[in-house]
Amino acid sequence: MASPEPLYGTDLIDCAKANSNQGIEAAAERCGYGTDIAAFERELKKAGEHIGVEINSFGDLGTPTPFDRSQLGIEIAPETPDEL
């Protein structure tokens with residue numbers, strides 16, 4: 001459900017994070033900013049600064065993808081704990 005008034009502060013951060021998987025347009029609308037994406041991101045950044053969290057863009061709120069060690073190259077480790 002969309003907020004009838006623009007949200008601010010931690011309410012805005014909570015709403016934006018809860019809707020982050022729906023995309024920025026949907027999140028802005030549900031947080032009360034309609035189609036004003038610029039105002040949504042500006043207030044989101046201010047809200048982050050207010051609580052001491054750096055939010056550079058809406059993309060910072062998405063859940064990080066699991067770390068894939070296989071993309072780093074090879075892993076060198078002993079065969080057994082006895083070989084440490």
Side-chain angles (χ1 to χ4, degrees):
M1 180 174 183
S3 174
E5 298 289 323
L7 299 175
Y8 297 96
T10 56
D11 290 336
L12 174 58
I13 293 171
D14 291 343
C15 177
K17 184 149 180 68
N19 292 287
S20 65
N21 61 340
Q22 302 298 316
I24 192 168
E25 292 86 8
E29 184 177 334
R30 291 179 184 152
C31 294
Y33 289 86
T35 58
D36 193 352
I37 305 296
F40 172 65
E41 283 201 300
R42 183 176 53 251
E43 292 302 323
L44 192 57
K45 186 174 181 176
K46 283 183 191 177
E49 289 172 356
H50 181 70
I51 64 169
V53 175
E54 186 174 343
I55 301 173
N56 294 315
S57 70
F58 175 74
D60 291 347
L61 298 177
T63 38
T65 57
F67 184 67
D68 185 7
R69 300 181 109 196
S70 67
Q71 294 181 355
L72 295 177
I74 62 170
E75 182 174 318
I76 300 173
E79 295 290 323
T80 66
D82 293 340
E83 294 181 12
L84 292 175

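Residue indices begin at 1 and follow the sequence shown. Atom set for the values below is all heavy atoms of this structure, side chains included, hydrogens, waters and symmetry mates excluded. As the structure is a computational prediction, the values presented were derived from the model and not from experiment.
Partners of T35 by side-chain contact (heavy atoms from CB on, under 4.5 Å), not counting sequence neighbours: none found. For the side-chain contact (heavy atoms from CB on, under 4.5 Å) test, residues two or more places apart in sequence or in another chain that qualify with D36 are A38, A39. Take A18 and apply the side-chain contact (heavy atoms from CB on, under 4.5 Å) test, not counting sequence neighbours, and it matches no residue. With sequence neighbours left out, the salt bridge (Lys or Arg N to Asp or Glu O under 4.0 Å) criterion links E43 to K46. The ring-ring contact (aromatic ring centres under 6.0 Å, His included) test applied to F40 returns Y33, F58, not counting sequence neighbours. Qualifying side chain to side chain donor-acceptor pair (under 3.5 Å) partners for E5, counting only residues two or more places apart in sequence or in other chains: none.
Taking CG of D14 as the start and CG of L61 as the end, the distance is 10.0 Å to the nearest 0.5 Å. The CG atom of L12 sits 8.0 Å away from the CD1 atom of I55 when rounded to the nearest 0.5 Å. Separating the CD1 atom in I37 from the CG atom in L44 is a distance of 11.0 Å, to the nearest 0.5 Å.
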Discussion item. Determine whether V53 and I13 satisfy the following criterion, side-chain contact (heavy atoms from CB on, under 4.5 Å), listing intermediate values before the conclusion.
Written reply: CA-CA 10 Å; V53 175; I13 293 171; over 6 Å; no

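The side chain to side chain donor-acceptor pair (under 3.5 Å) analysis of residues 49-60, with sequence neighbours excluded, yields the pairs E54-N56.
Of all non-hydrogen atoms in C31 and A16, the two that sit nearest each other are SG-N, 3.5 Å.
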